[in-house]
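Accompanying notes for the structure given below.
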Amino acid sequence: MIPRFGKPPIPGIRYRRRPGAYGVLVRDGLMLLTFQRAPVPEYQLPGGGVDAGESAIAALHREVFEETGWGIGSPRHLCDYRRFCWMPDYNFHAEKLCSIWQGRPTLQRGQPSEPGHSAHWVTPARALDLLVDPGSRHAVRMWLALGGRC
């Protein structure tokens, strides 16, 4: 069973399934996060939705580049989780099915192309303080428990 984080689903609300791929990405002891200014300012693991016909790994590469400007290498599956939430930028309730990958940022190929996003390098301990999503914090703790290496 996939663990669930966050608030339980609200009875009577229809949730749209939304698969996504996100990365615990570390280089030289620092973790790469993205900061999204709107609709709610927050730090996040880089990643996002898997488009129709796209694989999770292809979505991971695309989303990390769009949100941070970085390419990644050697992604390996770390864990999965789900959460129910309102997605104000898409105007719907979602059951997010989050696939978390660990990997290494390889080369900065440009600035983030996703509007309102910026790349930030922080220690894993600081990432645990900054990340709002409890599933993302769980993934970072799992990565640390496995030795904290990519």
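Computed over heavy atoms, backbone and side chain alike; hydrogens, waters and symmetry mates excluded. Keep in mind it's a predicted model, so treat the numbers as computed, not measured.
- When all heavy atoms of P75 and I57 are compared, the pair lying nearest together is CG-CD1, 3.4 Å.
- In this structure E95 satisfies the salt bridge (charged side-chain N to carboxylate O under 4.0 Å, His left out) test together with R17, R82, sequence neighbours excluded.
- Between W101 and A21 the shortest heavy-atom distance is NE1-CB, 4.1 Å.
- The minimum heavy-atom distance between Y22 and G48, with the atom names listed, is CE2-N, 3.5 Å.
- The cluster map of Ile, Leu, Val, Met, Phe, Trp and Tyr, joined by side-chain heavy atoms under 4.5 Å apart, puts V132 and V140 in different clusters.
- Defined by atom type and a distance below 3.5 Å, a donor-acceptor pair is present between the side-chain atoms of Y81 and D133.
- In this structure, F84 belongs to a hydrophobic cluster whose other members, linked by side-chain heavy atoms under 4.5 Å apart, are I10, I13, Y15.
- In this structure, H61 has no side-chain hydrogen bond (donor to acceptor under 3.5 Å, both in side chains) partners at least two apart in sequence or on a different chain.
- The CD atom of E63 sits 11.0 Å away from the CD1 atom of I72 when rounded to the nearest 0.5 Å.
- Here the CG atom belonging to L25 is positioned 11.0 Å from the OG1 atom belonging to T34, to the nearest 0.5 angstrom.
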ring-ring contact (aromatic ring centres under 6.0 Å, His included) between H138 and F5, worked out: CA-CA 9 Å; H138 166 77; F5 293 92; 4.9 Å; yes
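- The shortest non-hydrogen separation linking F65 to G110 is CE1-N, 4.5 Å.
- F92 belongs to a hydrophobic cluster whose other members, connected by ILVMFWY side-chain contacts under 4.5 Å either directly or through intermediates, are M87, Y90.
- The side chain to side chain contact (heavy atoms under 4.5 Å, CB included) search around A119 returns L32, T68, not counting sequence neighbours.
- Looking at S74 and R104, their side chains never come closer than 4.5 Å, going by heavy atoms from C-beta outward.
- Considering only residues two or more places apart in sequence or on other chains, E42 meets the side-chain hydrogen bond (donor to acceptor under 3.5 Å, both in side chains) condition with Q44.
- Residues L45 and L33 meet the side-chain proximity criterion, which asks for heavy atoms closer than 4.5 Å.
- Counting only heavy atoms from C-beta outward, the side chains of V50 and L97 never approach each other to under 4.5 Å.
- Not counting sequence neighbours, the partners of S113 by the side chain to side chain contact (heavy atoms under 4.5 Å, CB included) test are E66.
- In terms of heavy atoms, L78 sits closest to Q102 at CD1-OE1, 4.1 Å.
- Residues meeting the side chain to side chain contact (heavy atoms under 4.5 Å, CB included) test with R14, sequence neighbours left out: none.
- For the atom pair CG of L130 and OG of S136, the computed distance is 12.0 Å after rounding to the nearest 0.5 Å.
- The salt bridge (charged side-chain N to carboxylate O under 4.0 Å, His left out) check on D51 picks up R62, with sequence neighbours excluded.
- Here CZ of R18 is found 10.5 Å from SG of C98. Values are rounded to the nearest 0.5 Å.
- From W70, atom CH2 reaches atom CD of Q111 across 10.5 Å, with rounding to the nearest 0.5 Å.
- Sorted by first and then second residue, the side chain to side chain donor-acceptor pair (under 3.5 Å) pairs involving residues 118-132 (not counting sequence neighbours) are S118-H120.
- No donor-acceptor distance shorter than 3.5 angstrom exists from the side chain of R83 to the backbone of K7, with no hydrogens or angles considered.
- By the side-chain hydrogen bond (donor to acceptor under 3.5 Å, both in side chains) test, H93 pairs with no residue at all, sequence neighbours left out.
- Across all non-hydrogen atoms, the minimal contact from A59 to G49 is CB-O, 4.0 Å.
- Residues that satisfy the side chain to side chain contact (heavy atoms under 4.5 Å, CB included) test with P39, not counting sequence neighbours, are Q36, P88, D89.
- Surrounding CZ of R141 are more than 12 heavy atoms belonging to other residues, nucleotides or ligands, all under 6.0 Å away.
- Side-chain contact between L144 and P124 is present, with at least one heavy-atom pair separated by less than 4.5 Å.
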